[in-house]
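Structure, as structure tokens:
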Amino acid sequence: MHRYIPNTDADARAMMDVIGIDSMDGLFEDIPDNLILKRPLKLNPGMSELEIERKMKELGAKNQSTDDLVCFLGAGAYDHYIPSIVNHLAKRSEFYTAYTPYQPEISQGTLQVIFEYQTMICGLTGMDVSNASLYDGATACAEAAIMAVDNTRRNTILVSKTVNPETRQVLKSYAHSRDINIVEIPMVDGITDSEMLKTLMDADSAAVIVQSPNFFGIIEDLTEVEKLTHGNRSLLISSVDPISLAILKKPAEYGVDIAVGDAQVLGNNLNYGGPYIGFLATTSKLMRKMPGRIVGQSLDVDGKRAFVLTLQAREQHIRRYKATSNICSNQNLNALIASIYMVTMGKKGLREVALQSTEKAYYAMHKLTAGGKYKLAFDRPFFREFALIGPKDADLLNKELLTNGILGGYNLNKEYGIENGVLLCVTEKRTKQEIDKLAALTEVI
Amino acid sequence: MKSYNKLIFELSKEGRNAIAFPKSDVDRTPLEELIPADLLTKEGVELPEVSEVDVVRHYTLLSKKNYGLDMGFYPLGSCTMKYNPKINEDMSSLGRFANLHPYQSEDTVQGALALMYELDYMLSEISGMSRVSLQPAAGAHGEMTGLMVIKAYHEKRGDNKRTKIIVPDSAHGTNPASAAMVGFDIIEIKSTKNGIIDMEDLKEVLSDEVAGLMLTNPNTLGLFEKDIKEIADLIHEAGGLLYYDGANMNAIMGVSRPGDMGFDVIHYNLHKTFSTPHGGGGPGSGPVGVKEHLVKFLPVPIIEKSGEEYILDYDKPDSIGKIKSFYGHFGVMIRAYTYILAMGAEGLKHASHNAVLNANYMMSRLKKYYKLPIDKICMHEFVLGGIKDEAGEVTTLDIAKRLIDYGYHPPTVYFPLIVREAMMIEPTETESRETLDEFIEAMISIAGEAKENPVLLKEAPHNTPVRRIDEVLAARKPVLKWQKSDS
């Protein structure tokens, strides 16, 4: 007997009698004998909870978390404060042990959550419509690129070099298998080179992808890029950070066609890289080209407001190989978490997170560059993150910081060839004291 | 309890809030002095203003409008709705796992890397594959990744004319959709009347343009493809590769291994077979396993062991690259790892035995009342095709909705597409005989109602927060967000 399997031996025998077989082997008669595994799997014997917990804590002891270290690392995953109620509510098993809401009458909880999530993603981005979520910011960007190719019937995607390198790599893998051309727009002084964009753009350009705040934390002005893009009848895809939108110009204000991004920052744990949540929002015009689940409002037979999965004619279970995407399971629980976070923060709270992250990041930048040993890589307005160039390789710096209980920044040499470059991130969680300590250490390391 | 019908936006009142912040300990500079005004929003964001109690009540009351696995039987075919052990949740919430930044240096995440390395081994051993990439985010994402690997394999050999993927007509919708995502053309082959691959049909479509065949085994009718070895040989002789959709893996753990059947690539659904919760539609996790000759094509990074150290190895020139940020759904991997620890080798086999036993027991009892298109021993699930001797007035949808009145989540309906009025039932091993008996009694009772009082089914469900919903209205006049004027 295993604790997760309730059938007793007596049950099993009685059930076999009903079926008309003598032994369990009778259930597997269709499997040819030479395909039956004749040995036990080479795995551990089953464990009790106590043993499991002991083993997992031993494994955990080999990790150092952001509880143990003071985190100045960002670069696409951020250490923001998560209010207590987020996990209490998201851990309700009515939410997390449910399947995709195929039976709407007994899934109104999940469906309404998604409807509210879609509303709030639109509220942040200013876009007309949002889907129910995608795997992460990188795959959301790749899906947006495919959407643009399908919609424009052109085959080249122009992507700025200031877009997160992970995103560009994922985009490249997705594009390769569909023979979509990816052309990188070079950067100049930490932002997208719009002069180069002019030269690169042609009749095959389906979309231009930019990110703001970009990978260096720099806030890019999309005005010029938007003009060029739409002048060429290409689509503008912008990758954005949801928290920054509490203060920065929204995608809709720039005339963006598809806004994407990662909503990990909205209450999701760092989780060593996942699960996070990608969002995708677009204009009414492109609504039916969107990938993924979408929830709509309708009425039930009694005329009562009700929510239901809708526009399913785009999806794989109906359209099969003609679907807008293959996505099925998405990130519903993470969308729930993001929703609870957004609601808890509200309009003012989200702005406060953005303001504190900004002013603390600026404080840190000034403090770190005051001594002259570190200077800004790019002197431009930024949000939450900034790139510095110092006297030594970031890996060496980080090693020293680690011995002082600090999780240092992202090494910009690897992806951008910025020698001795480091990308530092400061969220609202950091204190003046922690920042001062970091600054003092960088002076002596 | 009173019914609750509010949207969070309808609770909003200017001035309310649900969060307090420590006062910023650095000087507050006016934002415009840091960031030029033309980069700032003029509109602000639209979010509700509510108190903490409002938030807690709202989501608690919404949760009560959901049917979850913890509330009862959930025989959703192909979805393997087995019990989600609570210890899995606790382990994935441990701070030393949940609060790790993906770019921390390897020496600070040795425990996490060890867990992933061991999970790769465990999944490889269960399926008979060489290595597993844990990066894919869900089943469909795993399919896409596996197909990218197949494409890369042919490209590497300079065999560029292999542009087609064979998919049986009984396959999950994601199979052809994933193949299309990867730029393949799809050849659909028919199933025999016994629900398995038609070998003659298969032979006919094989050519040097075929990149591979995607197969679920047991298939979506719950039947094992007996001729799998022969199928594998045919595909391999034609130069193609064989892909295993692991959605139905719960039938065969410790019993038989896809790797031994001749499959080259497999994806697993950790959120099915390995007990991680579905979350109301994700996050899932769809690791991809491959045989030795395909390992070099897996996404980067791969976790390797170098001496006693675990490392993230990006140095794989033939890799398909990255298909997702970072390393996959680590939080989900922890749950699956915990589950395998809890089950052990014997436990997993016991699970598959009982999953198949439960399905056959239900099928044996229900076939007297419901049409059973293929009457033979099934694997972990089976497909019914409507009520026996019923005039045809009642549809599968009606039966499903009536089951809700009896307190159950309905089975998967209208899938697979090759069975009319299909109803696909997968009980899993975590349900007791008593639970199955109660459900069977409900099904028998509904079969009776269908003949005596079909209106009861037509108007079902009766006692849910909302009743049948106008889906046509939702699609024709899409309302996809709340607007102030709506309330």
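Throughout, protein chains are lettered first and strands after them, A, B, ... in sequence-line order, and every chain is numbered starting at 1.
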Quiz item: Are the side chains of Pro465(B) and Glu105(A) in touch, meaning some heavy atoms are under 4.5 Å apart?
Solution: no
Quiz prompt | Side-chain heavy-atom pair Lys360(A), Asp25(B) within 4.5 angstrom cut-off | solution = yes
Exercise. Could you point out which residue of Phe95(A), Tyr99(A), Tyr96(A) forms a ring-ring contact (aromatic ring centres under 6.0 Å, His included) with His278(B)?
Key: Tyr99(A)
Exercise. Would you kindly say whether Asp470(B) and Ser298(A) are connected by a side-chain donor-acceptor distance under 3.5 Å?
Key: no
Exercise. With a 4.5 angstrom heavy-atom cut-off, could you sort out which part of Glu253(A) is near chain B: side chain, backbone, both or neither?
Key: side chain
Quiz item: With distance as the sole criterion, is a donor-acceptor pair present between the side chains of Thr310(A) and Glu471(B) under 3.5 Å?
Solution: no
Quiz item: With under 30° as parallel and over 60° as perpendicular, where do the rings of His329(B) and Tyr135(A) fit, or are they tilted in between?
Solution: perpendicular
Self-check item: Centroid-centroid distance, His317(A) to Phe415(B), less than 6.0 Å
Solution: no
Quiz item: Ser130(A) versus Lys481(B): any side-chain heavy-atom pair under 4.5 Å?
Solution: no
Quiz item: Parallel, tilted or perpendicular: which describes the rings of His353(B) and Phe28(A), with under 30° parallel and over 60° perpendicular?
Solution: tilted
Exercise. Measure the shortest side-chain to side-chain distance between Leu480(B) and Ile294(A) over non-hydrogen atoms and say whether it is less than 4.5 angstrom.
Key: yes
Self-check item: Side-chain heavy-atom pair Leu350(A), Leu47(B) within 4.5 angstrom cut-off
Solution: yes
Exercise. Determine whether Phe97(B) and Met56(A) make a side-chain contact, defined as any pair of heavy atoms from C-beta on separated by less than 4.5 Å.
Key: yes
Exercise. Over 60° means perpendicular and under 30° means parallel, so classify the ring planes of Tyr174(A) and His141(B), tilted if in between.
Key: tilted
